[in-house]
Amino acid sequence: MADGVVLLDTWASMFGMRVRIALAEKGVEYEYKEENLRNKSPLLLQMNPIHKKIPVLIHNGKPICESAIIVQYIDEVWNDKAPILPSDPYERAQARFWVDYIDKKVYDTWRKMWLSKGEEHEAGKKEFISIFKQLEETLSDKAYYGSDTFGFLDIGLIPFYSWFYTFETYGNFKMEEECPKLVAWAKRCMQREAVSKSLPDEKKVYDYVVAVTKVLESN
Ligand SMILES: N[C@@H](CCC(=O)N[C@@H](CSO)C(=O)NCC(=O)O)C(=O)O
């Protein structure tokens, strides 16, 4: 592997988007390698033998795994511009707490809402919306989660915005009605080129999820 930066990713992954945004914010040039998760490359299996998941950042031949860890690595290595983590230790701890909250809560609750029917689906939907209401409450009236600066927690959450249309369609609700201030924050983040160029079109995400749903339901 030549020196440099390689990202193993898939276009629809909200976790991969986190890394793409961080690399773009720092202006880091890298090689993007799209993975087929149903036929993982030998490189992915070699670089992330533990979880066998994307994203994986390969820097000078060495792999860094787990999106939140990768973003912090990027912030530490390319530390000459656009700081991602707050400088204050307490603020850093809070940002890490809420990204951990997102990783513990959102994906699993989404799957419950997505793949279940009836009461389980309704319970998943209720929990799912409550998670985003909590995240809206955490933002309160700040422009960004890092107060006036776009930072770690903003990067941790904004990728899910490209899935809002999918969440709303499968859950039959409107994020704008449930979390208006959060939607306003998301639109504010989308004004940053590092974000808008890293997130896919929401309808493309939806079509992808419909296709995946068909595969899962046919098994
Ligand atoms: N905690 C990790 C989650 C990565 C992940 O779920 N990656 C998925 C694709 S995105 O949904 C993945 O690689 N799945 C492949 C598999 O589960 O085999 C992170 O933050 O990087």
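All values below come from the heavy atoms of this structure, side chains included, with hydrogens, waters and symmetry mates left out. Just follow the structure's listing: the first ligand is 1, and inside any ligand the first atom is 1.
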Exercise. In terms of atom number and element, which parts of ligand 1 are under 4.0 angstrom from non-hydrogen atoms of Y107?
Worked result: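 Selected atoms, number and element: 11 (O).
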Problem set entry | Those atoms of ligand 1 less than 4.0 Å from some heavy atom in K40 |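 With K40 as reference, the close atoms of ligand 1 come out as 15 (C), 16 (C), 18 (O).
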For this session: Please confirm whether S13 comes within less than 3.5 Å of ligand 1 when only nitrogen or oxygen atoms on both sides are compared.
Result: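 In this structure, S13 places no N or O atom under 3.5 Å from an N or O of ligand 1.
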Exercise. Can you list the residues that meet the ring pair (Phe, Tyr, Trp, His ring centres under 6.0 Å) rule with F164, with sequence neighbours excluded?
Worked result: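 Ring pair (Phe, Tyr, Trp, His ring centres under 6.0 Å) list for F164, sorted by chain: F132, Y161.
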Exercise. Ring pair (Phe, Tyr, Trp, His ring centres under 6.0 Å) with F173: which residues, sequence neighbours excluded?
Worked result: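 Not a single residue meets the ring pair (Phe, Tyr, Trp, His ring centres under 6.0 Å) criterion with F173.
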Residue, atom name and distance, where the atom is the protein heavy atom closest to [atom]:
| atom | value |
| --- | --- |
| atom 17 (O) of ligand 1 | K53 CE, 3.4 Å |
| atom 20 (O) of ligand 1 | S67 OG, 2.7 Å |
| atom 1 (N) of ligand 1 | E66 OE1, 2.8 Å |

Problem set entry | A68 to ligand 1, any heavy atom closer than 4.0 Å |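 No, A68 has no heavy atoms under 4.0 Å from ligand 1.
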Problem set entry | Chi angles and distances behind the side chain to side chain contact (heavy atoms under 4.5 Å, CB included) call for Q46, L43 | CA-CA 5 Å; Q46 177 197 354; L43 184 60; 3.9 Å; yes
Exercise. Would T138 and Y101 count as a side-chain hydrogen bond (donor to acceptor under 3.5 Å, both in side chains) if you check the C-alpha gap in whole Å, the side-chain angles of each, and the deciding distance to 0.1 Å?
Worked result: CA-CA 11 Å; T138 302; Y101 172 85; over 6 Å; no
Exercise. Do W98 and L135 pass the side chain to side chain contact (heavy atoms under 4.5 Å, CB included) test, and can you show the C-alpha distance, the side-chain angles, and the key distance before you say yes or no?
Worked result: CA-CA 8 Å; W98 287 108; L135 289 165; 4.1 Å; yes
For this session: Give the contacting part of I54 toward ligand 1: side chain, backbone, both or neither, where contact means a heavy-atom distance below 4.0 Å.
Result: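 It is both parts that get close, each with some atom under 4.0 Å.
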Exercise. How about W114 and L216: do any of their side-chain heavy atoms sit closer than 4.5 Å?
Worked result: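 Touching, per the 4.5 Å side-chain cut-off.
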